[in-house]
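All remarks here apply to the structure that follows.
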Number of protein chains: 2
Amino acid sequence: MERFVLHWGEMGSRWGVNRSVAQVHALLYLAGRPLTADEIVETLGIARSNVSTSLRELLSWDLIVQHPLLGDRRDYFRAETDLWTVLLTIVEGRKRREIDPTLTMLRLAKLDAAGDEETPEDIKRRIEDVLNFVEKLTAWYEQVSSLSRSTLIKLMKLGAKVSALVK
Amino acid sequence: MERFVLHWGEMGSRWGVNRSVAQVHALLYLAGRPLTADEIVETLGIARSNVSTSLRELLSWDLIVQHPLLGDRRDYFRAETDLWTVLLTIVEGRKRREIDPTLTMLRLAKLDAAGDEETPEDIKRRIEDVLNFVEKLTAWYEQVSSLSRSTLIKLMKLGAKVSALVK
DNA sequence: TCTTTCTTTCAGTAATAACTGAAATAATAG
DNA sequence: CTATTATTTCAGTTATTACTGAAAGAAAGA
């Protein structure tokens, strides 16, 4: 468990996720049962306030849920354990927080470039290329993410054989 | 161009890529012609040494190439402009540097857990679930990344219609 | 060989992000 | 209403990462 949680934290920081946030998520995933903030503090050895912040961050990503327990006023938190759901939730979050603003920027950049006769044509084209590429990827993601879990699994198993479809 | 380069740098830092590295890459991509380190210094207003380090980093990712010019001993650098190639190169790099070590860790964690009778069964199972999931995704990526550019484009256009194949 | 030009290395500094502990706030029980 | 327990906020500190400028190193021309 220790190895898993520590590596997950390390992995988080390489992808722009706070180490503590990733560790808390890893721990909740492994635990498989609702934990209180204090249990997390004890296990990970980080400050209570840090755990509180990390839990809020994970809640905002919809990666964990609050899980009230009858007769206990402490907050319990539980992580999703279906890995497809976890993956799609993370991708959805990053799309919303990072890809969508990037699309906005690219559209502005295209406008900027169009209204400026100093900008060479090939640079305008390359900005548009990126815009089109990101738009295509996003559209593809939106379609595929709406497929059922079982369809996704079957498609994964097909691997390169999907290319049969385009022949 | 400024908007594009600055946003790309910002985007980089959200994904664990050094801001300067991302900016240099964005600039070389947009320029579409080979640039010297000094041209980059002048345009981005960062230290010569910083540019040098960033260029080496981009070279190690195979995102830029050195481009010698006859009769000029300075190094010129050029970025790949085919966006599919750029995307697949980045994914390949991250797989090698991050996913492969994660797979190693997961296999070790599985062994650790198997050899420890204190670890509950459901935690062992969740570690294995992650291992299997990442292995499946990796195998899928390896197959799909070897498909031709045109096949990939066609598959993208199909979107959710690929699900027809699994019916 | 000696200069000149270009590139890299690296120690020190600056900037950023993460984390802590104390205090404030909120919620519930008695 | 008051005491108790739980949670959040935030100013200050620590840790990490990024960046700079000077110096060393490398390559080519005179």
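The figures that follow rest on heavy atoms only: side chains count, while hydrogens, waters and symmetry mates do not. Chain identifiers are assigned alphabetically (A, B, ...) following the order of the sequence lines, protein sequences preceding nucleic acid strands; residue numbering begins at 1 within each chain.
Atom CZ of R56(A) and atom C1' of dA6(D) are 14 Å apart (whole Å). Regarding R14(B), its CZ atom lies at a distance of 13 Å from the C1' atom of dA17(C), rounded to whole Å. Protein atom CG of D72(B) is 11 Å distant from nucleotide atom C1' of dT5(C), rounded to whole Å. If you measure from atom CG of L44(A) to atom P of dT20(C), you get 10 Å, rounded to the nearest angstrom. Rounded to a whole Å, the CD atom of E57(A) is 13 Å from the P atom of dA17(C). Taking atom CD on Q66(A) and atom P on dA27(C), their separation rounds to 12 Å, with Å as the unit.
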Which donor-acceptor pairs under 3.5 Å do the side chains of residues 38-45 of chain A make with protein atoms, sequence neighbours left out?
| from | atom 1 | to | atom 2 | distance (Å) |
| --- | --- | --- | --- | --- |
| E39(A) | OE1 | T36(A) | N | 2.9 |
| E39(A) | OE1 | T36(A) | OG1 | 3.4 |
| E39(A) | OE2 | R33(A) | NH2 | 3.4 |
| T43(A) | OG1 | E39(A) | O | 2.7 |

Would you mind writing out the side-chain donor-acceptor pairs for residues 108-116 of chain A within the sub-3.5 Å range, not counting sequence neighbours?
| from | atom 1 | to | atom 2 | distance (Å) |
| --- | --- | --- | --- | --- |
| D112(A) | OD2 | R3(B) | NE | 2.8 |
| D112(A) | OD2 | R3(B) | NH2 | 3.0 |
| D116(A) | OD1 | E118(A) | N | 3.2 |
| D116(A) | OD2 | T119(A) | OG1 | 2.7 |

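Atom CZ of R14(B) sits in a sparse spot, with 12 or fewer heavy atoms from other residues, nucleotides or ligands closer than 6.0 Å.
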Contact letters for nucleotides 20-30 of chain D, in which S counts primed atoms plus P, OP1 and OP2 and B counts the base, heavy atoms under 4.0 Å:
BB-----BS--

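Distances shown here put every side-chain N or O of S52(B) at or beyond 4.0 Å from the OP1 or OP2 atom of dT7(C).
Nearest nucleotide to the N18(A) side chain, out of dT8(D), dA18(C), dA6(D): dA18(C).
Here D122(B) pairs with R126(B) under the side chain to side chain donor-acceptor pair (under 3.5 Å) rule; sequence neighbours left out. Evaluation of the side chain to side chain donor-acceptor pair (under 3.5 Å) rule for S60(A) yields R97(A) as partners, not counting sequence neighbours.
Residue D38(B) is the one, among V17(A) and D38(B), whose nearest nucleotide of DNA chain C lies closer to the 5' end (criterion: closest heavy atom).
The stretch residues 48-73 of chain B participates, sequence neighbours left out, in these salt bridge (charged side-chain N to carboxylate O under 4.0 Å, His left out) pairs: D72(B)-R74(B).
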